[in-house]
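Lettering follows sequence order; numbering is per chain, from 1.
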Number of protein chains: 2
Amino acid sequence: MRLTTKGRFAVTAMLDLALRQAGGPVTLAGISERQHISLSYLEQLFGKLRRRELVDSVRGPGGGYCLARPASEITVAAIICAVDEPLDATQCGGKENCLDDKRCMTHDLWASLNRTIYDYLSGITLARLVEEQHEKQRRKTECVLIDQRHKELTGAAPTL
Amino acid sequence: MRLTTKGRFAVTAMLDLALRQAGGPVTLAGISERQHISLSYLEQLFGKLRRRELVDSVRGPGGGYCLARPASEITVAAIICAVDEPLDATQCGGKENCLDDKRCMTHDLWASLNRTIYDYLSGITLARLVEEQHEKQRRKTECVLIDQRHKELTGAAPTL
DNA sequence: TTTTAGTTGACTAAAACAGTAGGTTATTGA
DNA sequence: TCAATAACCTACTGTTTTAGTCAACTAAAA
């Protein structure tokens, strides 16, 4: 499993989508604006995400993309694998033809590393990321409320 | 932390070095031949490894490279970080200037992912890889001996 | 039928990857 | 002292990936 910025873009975009899909299909133009990812690049990424059936598309006005499955069934690993297509892992592609009297030391190392990363990312769903995001939002709101209350008590006019 | 084949080359080369350094400095030419990595590419990689003080060099005939520290104190993470220089992690480089009213969702995700991978690779030392390699060798030798013994018992001439 | 928005393909600049070429310096040992 | 060895260094090459642009097209809604 390769780890580059491409995967991060895809995850960021999917998270944005997950956070907003309650209000119907989400347009790439919107994601592009909010997350500062070029529209055309998003088009490429979502082409792959659609082919891997992680998202569904709706054309025409009011259209956009929705998650093809519940957010709880979409993992970060799946997203990264979808866009980072050649998940080259051990050079010899799992086969042990990297031999030459030594049979490719580090083969086991990379296979194992790959597994660890994949397992970790397979355990993280979009649903969980959404929840964390909401949690963060909640904490922020709380601070604002406490701040307002404090100002009321100390006689200052509450800020709009 | 980025994960590409470059890091794998470096780890493979360092493992080769660790396995042979008992017999004095190891030449890049030797590593190049055994591991099928181009000599000039190795020179680039070892330039970085030397600057990060993971290896020491000895010039002149009989020279080569040695580990700068005991193999038990050199981790795979250190090797990868040494050659994959820009260990760009969260785009915003750890700072939270990726804000824009949302403060870069996925920031936490990537920081956390990065940590997981780094921690995993920090737990793997060259010494452990060397040990695993020896273990593998031992098993292979065992098989050969058993095979010879079997042939002796069944009357076949032992193979040279 | 015009607007919206996805779909596709070709193309591009810049960076990273992997390797090449050609030189220099330091050390050894003949 | 001189030749061989091997590290060291710089610049250059070709390929792939990254990130993005552009233009044409299709489906659906208003």
Side-chain angles (χ1 to χ4, degrees), chain A residues 1-13 17 20-21 23-33 35-68 80 82-88 91, chain B residues 1-13 17 20-21 23-33 35-68 80 82-88 91:
Chain A
M1 172 169 246
R2 191 125 41 96
L3 279 188
T4 67
T5 52
K6 194 172 186 176
R8 170 167 43 239
F9 277 133
V11 173
T12 305
L17 174 52
R20 301 183 166 261
Q21 72 165 355
V26 180
T27 68
L28 292 190
I31 297 177
S32 169
E33 207 175 302
Q35 305 302 331
H36 304 118
I37 306 171
S38 99
L39 177 58
S40 306
Y41 199 37
L42 279 176
E43 281 171 354
Q44 286 176 40
L45 298 179
F46 273 78
K48 291 177 179 177
L49 292 170
R50 189 171 54 84
R51 265 166 251 137
R52 297 298 195 93
E53 301 186 333
L54 292 178
V55 295
D56 280 334
S57 60
V58 180
R59 298 174 105 168
Y65 285 93
C66 331
L67 299 182
I80 293 181
V83 299
D84 247 356
E85 306 207 35
L87 28 143
D88 119 308
Q91 192 98 28
Chain B
M1 173 170 246
R2 193 121 42 97
L3 279 188
T4 67
T5 52
K6 195 173 186 177
R8 170 168 42 240
F9 277 133
V11 174
T12 305
L17 174 52
R20 302 183 166 262
Q21 71 164 356
V26 179
T27 68
L28 292 190
I31 297 177
S32 169
E33 209 174 301
Q35 306 301 332
H36 303 119
I37 306 172
S38 97
L39 177 58
S40 305
Y41 198 38
L42 279 176
E43 280 172 355
Q44 287 175 40
L45 296 180
F46 274 77
K48 291 178 179 177
L49 293 170
R50 188 171 52 86
R51 265 166 251 135
R52 297 299 194 93
E53 300 186 333
L54 293 177
V55 295
D56 281 333
S57 61
V58 180
R59 299 176 107 170
Y65 285 93
C66 331
L67 298 181
I80 292 181
V83 299
D84 248 357
E85 306 207 38
L87 26 142
D88 117 309
Q91 193 97 28

Original post:
With respect to the side chain of A:Q44, which nucleotide from D:dT21, D:dC8, C:dG19 is positioned closest?
Top reply: D:dT21
Subject >> Length of the CG-P vector between A:L3 and C:dC17, whole Å >> reply: 13 Å
Original post:
Can you say whether the rings of B:Y65 and B:F46 are parallel (under 30°), tilted (30 to 60°) or perpendicular (over 60°)?
Top reply: tilted
**OP:** With a 3.5 angstrom cut-off on both distances, give the Watson-Crick or G-U wobble partner of C:dT3, or none if there isn't one.
**Re:** D:dA28
Original post:
Does A:R59 make a side-chain N or O approach to OP1 or OP2 of C:dT7 shorter than 4.0 Å?
Top reply: no
**OP:** Rounded off to whole Å, could you give me the CG-to-C1' distance for the A:L39 and C:dG6 pair?
**Re:** 10 Å
Original post:
For B:L45 and C:dA18, what is the distance between atoms CG and P respectively, to the nearest whole Å?
Top reply: 9 Å
**OP:** Count the heavy atoms of every other residue, nucleotide or ligand shown that sit under 6.0 Å from CD of B:E43, and state whether that count exceeds 12.
**Re:** yes
Subject >> B:R51 CZ to D:dT10 C1', straight-line distance once rounded to whole Å >> reply: 12 Å
**OP:** Could you check whether A:F46 gets within reach of a base, just the sugar-phosphate, or nothing at all, counting any heavy atom under 4.0 Å?
**Re:** nothing
**OP:** Compare the minimum distances between each of C:dA18, C:dT4, D:dA7 and the side chain of A:P61, then state the nucleotide with the smallest one.
**Re:** C:dT4
**OP:** Measure from the side-chain heavy atoms of A:Y41 and tell me the nearest of C:dG19, D:dG20, D:dA7.
**Re:** D:dG20
**OP:** Measure from CG on A:D84 to C1' on D:dT18 and round the result to the nearest Å.
**Re:** 10 Å
Original post:
Does A:S57 put a side-chain nitrogen or oxygen below 4.0 Å from OP1 or OP2 of C:dT7?
Top reply: yes
Original post:
B:L28 near the nucleic acid: base, sugar-phosphate alone, or nothing, with a heavy-atom cut-off under 4.0 Å?
Top reply: sugar-phosphate
**OP:** Measure from CG on A:L42 to C1' on D:dT21 and round the result to the nearest Å.
**Re:** 14 Å
Original post:
From the list D:dT21, D:dA7, C:dC17, which nucleotide is the closest neighbour of the side chain of B:K6?
Top reply: C:dC17
**OP:** Please name the pair of heavy atoms, one in A:P25 and one in A:G64, separated by the smallest distance, quoted to 0.1 Å.
**Re:** CB-N, 3.5 Å
Subject >> Validation row: B:K6, B:L45 side chains within 4.5 angstrom (heavy atoms) >> reply: yes
Subject >> Quiz item: A:E43 side-chain donor-acceptor pair to C:dG6 base, under 3.5 Å >> reply: no
**OP:** Please report, rounded to the nearest Å, how far the P atom of C:dA18 is from the CD atom of B:Q35.
**Re:** 16 Å
Original post:
Would you say B:R50 reaches D:dC9's phosphate, i.e. side-chain N/O to OP1/OP2 under 4.0 Å?
Top reply: yes
Original post:
Is the distance from OP1 or OP2 of D:dT5 to the nearest side-chain N or O of B:T27 less than 4.0 Å?
Top reply: no
Original post:
Which is true for A:G47 with a 4.0 Å heavy-atom rule: it touches a base, it touches only sugar-phosphate, or it touches nothing?
Top reply: nothing
Original post:
For DNA chain D, whose closest nucleotide is more 5', that of A:G60 or that of A:T4?
Top reply: A:T4
Subject >> Whole angstrom value for the distance that separates P of D:dT17 from CZ of A:F9 >> reply: 18 Å
Original post:
Which value, rounded to the nearest 0.5 Å, describes the distance between B:I31 atom CD1 and B:L17 atom CG?
Top reply: 5.0 Å
Original post:
Under 4.0 Å: is that the gap between some side-chain N or O of B:S40 and OP1 or OP2 of C:dA18?
Top reply: no
Original post:
Rounded to the nearest 0.5 Å, how far does OG1 of A:T27 lie from CZ of A:R20?
Top reply: 9.5 Å
